[in-house]
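Throughout, a chain's letter reflects where its sequence line sits, starting with A, and its residues are numbered from 1. Heavy atoms only: backbone and side chains are in, while hydrogens, waters and symmetry mates are out.
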Amino acid sequence: MSFATSQMPEPEVIRRDPQELLDGLNPQQSEAVQYQGQALLIGAGAGSGKTRVLTRRIAWALSQWRAWPSQILAITFTNKAAREMKDRLETLIGPVAQRMWVSTFHSACVRILRRDGEAVGLTRGFTIYDQADSQRLMRTVEQQYGIDPKRVKPRDVLTAISDCKNELKDWRSQLKEFAPDFRPGQPGARLGHLEAGEQLYACLYAEYQRRLQAANAVDFDDLIMRTVQLLRLDPQVAAYYHHKFRYIFVDEYQDTNHAQYVLIRELAGLDADDGERPAAVTVVGDSDQSIYAFRGADIHNILDFEKDFPEAKTIMLEQNYRSTQTILDAANAVISKNQGRRPKKLWTDAGKGSPIVGYAADNDYEEAQWVVQEIVRLTVEDGFTYGDVAIMYRANAQSRRFEEALINAGVPYQLIGGTRFYERKEVKDAIAYLQCIANPADDTNMRRILNVPKRGLGERAEGTVAAYAESAGLTFWDALGRLQEIPGMTTRLARPLQAFRDLMEELIADAQAKDSNPSEIVAAVLDKTGIVEELRKSPDEQDQGRVENLAQLQSVAAEYEQNTPDSTLAGFLENVALVADSDQLPDEGENNGSVTLMTLHTSKGLEYPVVFLVGLEEGTFPHQRAMENVSELAEERRLAYVGITRARKRLYVTRAGERSQWGRSESKTPSEFLEDIPDALIDWKRKETAVDRRMMLGDDDSDEFGGFGGFAGFDDSDGYSTFGSRGGSRSSYGSGSRGGSGSYGSRGGSSYGSSSYGSRGGSSSYGSRGRSSYGSGSSYGSGSRGRSSYGSSSYGSRSSYGSGSSSYGSRNGKVSTRRVAATHSASSSHASSSAPRNSLTPQDLAAGDLVTHDKYGLGTVVAMEDKGENSVVTIDFGDGGVKRLMLRMAPIEKL
DNA sequence: TTGTGGGCTACTGGT
DNA sequence: TAGCCCACAA
C-alpha cells in the first residue's frame, strides 16, 4: 500500500533532559538506556528493573536520537504489559506516546494483516479462530475424510500443525515432503486408513488450511506466519514497514519462537536489500525465564542473539530490586542446577529478610487449609493485606482446594486463568453470532450457531446444507441462500433453515448500520436470536448465571466502545480473541484487596510481597509429563525460578503428602526443587507428612499426627528428620501401596529404604497440642459438592469472591458471582478444618484478663477488636512480646 | 430431533 | 471427580 500518506512529519519534538532519564539508574541500566547501535540484548534477570530500562530507552530514543513516536514498535508479551508500558511512556513523554505501536506480537500482526492482508488472501473482516474453533474445524475435516477423531485426536493434529507454523513450514511444503499425491478439497478422498503421522498430518494440514482460507479465517499461529509471508511476498508492503519502524523493541525475547524471530528480522529489514538501513533492534529477556518451549519458544533465539544480529551488544542486569537475598539465594540455588546456561547470579542490597517458610501437609486439603490460615495470620499479625498475597501453582486444577479454603475462611480472592470467560459455552455462542455477522463466510461459527438456540436443525439439516456447499464450492452461508437448489431438501427442513437465514440477514443489516456500536450489536444478538430467552426459561439454575454472563458480555462491549475511539465490531472481536489470562489482572499499584490465585506461567512478569509456591511434589511440580525429558525438566526448573523470584518479602513453599487426582488419592514425594533450596534458608513449620511416616514405619497407621502445625507459633521442632539425602541422589519411595503408576523413583533415585530416610527425631512433635487432628483426608467432604453449592451462577476466568455478596466485573469481562450465603453450606462438609481452636468470643475477653497460650505462655489481654469471626485479640506475653492473634484460632485459654 | 444416562478419558502450560 | 461423547428411547 502507499506509504506516502501515513508518514507525515510529526509536529511534537520530544525534549527531555538526559539526566532526567538516567536518574536513579545503576551503571548497567544507564548503559542499557543510552547504548546506540544496531542491536542490543539486555539480559535482564528477574526484578532487575527491565521495564524501567526499556521505557527509559524508548524515551531516550525519542528525545536524544530524535526518533518519531510512529517509528517505534514495541512488542510485549501480553496486552497488560503493553498497556502498562504505554502508560509509563505517556508519563515520560506525554500523549504522543499513543502514536507508537506498543502491542503483543499477535495484535501487531492483526493490525498489519488488517491493513495489508489482501496480498495473502485475507480480506479485512477476517476471523481469528481460537483453539476451540480450530478443534471444531479439525473435527469437521477429519469426519469429512472418514477419520475417527478418537483415533486421531484433533488436538494432536493441531499441535503438529502449530509446530509447523511456528517453524514457518506451510502446508505446501509439508505436503510436498510427506504426501505429494494429496490434493486438498477433494470431497471423495478417504484418509481413514492412514496411521497418525507425518503423512496424515500433512494432508489434514492442507485441508484445514484450505477451509480456513475459504472461511476467511486464521488461527493464532497463522497471525505470525502469514504476516511473515506477507512481508516476504509483497516488496511494497515490506518496504513500507522497513521504512516505518526505525526502532524495534522486544520484551520477553526468551519466549519468542522461530516465526516471531523471523518476523522481527523482516520488520527490521535485516535481510532486505531495499536500500533502507535496518531498524535498530533492542531485545530484553532472561534465558532463565524461558518457560514457553511447549508452544514453540526457542531459547536459542536469545542465546544466539549475538550471532544472529550483526554488531550485537549484550548488557546484563543482575542487580535485583525486588526480593530479599534469601529469596534470591533460593532462586539461584534452584536455577544453577540447569546445564548449559550462561552463569548469572542475582544479588540485592536489600538484606537477608525473613527465612523461607516451608510446610508439608498430609494432603491437598490440609495444604490449602494451612496456606489460608497463614494468609489470615499474615494480615492479622504481620501487617500484610490480602492483595499482597499470591498463591501460585503448576496447573490450574490445583486452584480448587485453595478456592474452597479461602471461601470457608471468608477471604476474598481472585482467580486468574482456568476456564475463561470467553470460552464459556453461552458466551462463545454469542460471539459466534458476532463472528458470523462480521464474516458470514465463517463456516465453523455459522454451523455452530445453526441450532443455537434449538430450532429443530440437527445433524441432518446441517449435513445436507454442508454437503451441497461442499459440492458447489460455496460457503455454508451462500448455500443457505439457495435452499431450493439443495438436493434432498424437504419443506420440513427448509422452513427453519430459511428462518435462520432471514434472522441472520436481519442481524447483518442491522449491524452494518451501527458498526461502531458493538454493544448494540451484542444487544440485538442477545435479543433477536433467543439465546437469552432460552436460558431464562430453563429450569436449570445454572442457566440464570449464564444469562448474567451474557449481560456481562454486553457490558464488555460497551466498555470497549467507550475506550476505543474508532470502535468497530471487528475490532471488538479481535480484542476478545486476543486477551490473555494475565490481561485480567489489575494494573500495577491497584491492590484490590484480594488474594490472587494463578499458575506459575501466568505469574511471569509479576511480583507480590508474599508468594505461596504450592504443590511442590514430584509429579505435580515438576509435572509428571515433564519428568522424563531432560529439556522439559530444565524448563520446569526455570518455571520454579520464575515462581521464586516473584516474591518480594516472604516466600512460602508447601507440599502435600497425598493429593487427589481423578477422584483418587495418590501419595507424593517432595519435589526435587524443594531439595535444591539450601536447608538453611527454609524454616520448616512442618517437614514430614503422615504419608512419610507411614512409609517409614511400614504402613501401619499412625494417625497421631495429622494436625497441622498450629497457628500463631508452630511447634517448630528440630526433631524432624531431613528428607532424603541432601546433595546426593534424591530419595524416592517405592511405588507405594497403590503400585499403580510406578512413577516414583523412575528417574533412578535410590528407592525408599531405611537408610536414605534418616529419622532422628521424635514422633511426638506433630499435633502435640492435639487440638485438631485429622485422618488423612477422609473426613473432608467431596469437593464437588461444595463447589456446586456455591457455584450456582458463574465463574469467570477472573472469578472473584468478595466478602460482600455479589458479582464482579472486570476490564475484560471476566466475571464471577459467588455468594457468601451459599458458601457456608460448602463449608459444612469440612467445617472441622476451620473449626475454632477455642470457644472464646470477643465478649469473653477484655483488657486486663489473664490468659495462657500454648506456646507463649502466660499473658495479659491488652485489647480486643470485635470483628465477628475475624476478631483479633492483642496480648502481652511479657518476654514473649505483644502479639495480635486471631481470636478463634489462637490456642489460648482464659484463666 | 431432542433428552437422558452410562461409559470413557483426562490434569500441564497459553497467544 | 467431571465433562464429554455416544447410544438409545420418546
Quiz item: Rounded to the nearest Å, what distance is computed from the CZ atom of residue A:Arg400 to the C1' atom of nucleotide B:dT12?
Solution: 17 Å
Practice problem: Figure out the CG/P separation between A:Asn257 and B:dG14, and round it to whole Å. | Solution: 17 Å
Quiz item: Taking atom OG of A:Ser134 and atom OH of A:Tyr208, what is their separation to the nearest 0.5 Å?
Solution: 3.0 Å
Quiz item: In Å and rounded to the nearest 0.5 Å, what is the CD1 to CG distance from A:Ile486 to A:Leu493?
Solution: 9.5 Å
Quiz item: Quick check: does any side chain N or O of A:Asn439 sit under 3.5 Å from a backbone N or O of A:Asn216, one acting as donor and the other as acceptor?
Solution: yes
Practice problem: Grab the CD-P distance between A:Glu617 and B:dT12 for me, whole Å please. | Solution: 16 Å
Practice problem: Tell me, with the steps shown, if A:Asp298 and A:Asn257 meet side-chain hydrogen bond (donor to acceptor under 3.5 Å, both in side chains). | Solution: CA-CA 5 Å; A:Asp298 186 352; A:Asn257 60 37; over 6 Å; no
Quiz item: Just by distance, with hydrogens left out, do A:Ser538 and A:Arg546 show a side-chain donor and acceptor under 3.5 Å apart?
Solution: no
Quiz item: With sugar-phosphate meaning primed atoms plus P, OP1 and OP2, does A:Ser107 contact a base, only sugar-phosphate, or nothing at under 4.0 Å between heavy atoms?
Solution: nothing
Quiz item: What's the CZ-P distance between A:Phe220 and B:dG13, to the nearest Å?
Solution: 16 Å
Quiz item: When you look at A:Phe294 and A:His623, which way does the ring-ring contact (aromatic ring centres under 6.0 Å, His included) test go after all the steps?
Solution: CA-CA 13 Å; A:Phe294 71 89; A:His623 191 272; over 10 Å; no
Quiz prompt | Nearest-nucleotide pick for A:Glu636, side chain only, options being C:dC6, B:dT15, B:dT12 | solution = B:dT12
Pairs: protein N or O with nucleotides 1-6 of chain B N or O, under 3.5 Å:
residue	atom	partner	partner atom	Å
B:dT1	OP1	A:Glu459	N	3.3
B:dT1	OP1	A:Arg460	N	3.2
B:dT2	OP1	A:Asn451	ND2	3.4
B:dT2	OP1	A:Gly456	N	2.9
B:dT2	OP2	A:Asn451	ND2	3.2

Exercise. Sticking with atom P, work out how far B:dG13 lies from C:dC4, rounded to a whole angstrom.
Key: 16 Å
Exercise. Rounded to the nearest 0.5 Å, what's the gap from CG on A:Asp130 to CZ on A:Arg136? Could you check?
Key: 11.0 Å
Quiz prompt | Closest to the A:Arg295 side chain, choosing from B:dA10, B:dG14, B:dT12 | solution = B:dG14
Quiz item: Hey, is A:His106 stacking on B:dT15? Ring centres under 5.5 Å, planes under 30°.
Solution: no
Quiz item: Are any of the side-chain heavy atoms of A:Met225 and A:Asp170 separated by less than 4.5 Å?
Solution: yes
Quiz item: So, A:Tyr292 and B:dG14: ring centres less than 5.5 Å apart, planes less than 30° off, yes or no?
Solution: no
Exercise. List the steps and the verdict of side chain to side chain contact (heavy atoms under 4.5 Å, CB included) for A:Glu423 and A:Val427.
Key: CA-CA 7 Å; A:Glu423 286 168 6; A:Val427 176; over 6 Å; no
Quiz prompt | From C:dT1, B:dG14, B:dT12, nucleotide with atom closest to A:Trp662 side chain | solution = C:dT1
Quiz prompt | Spacing of A:Asp148 atom CG relative to C:dC6 atom P, expressed in whole Å | solution = 8 Å
Dump every N/O contact between nucleotides 7-9 of chain B and the protein below 3.5 Å, one line per pair.
none

Quiz item: Heavy atoms under 4.0 Å, any strand shown: does A:Glu252 hit a base, just sugar-phosphate, or nothing?
Solution: nothing
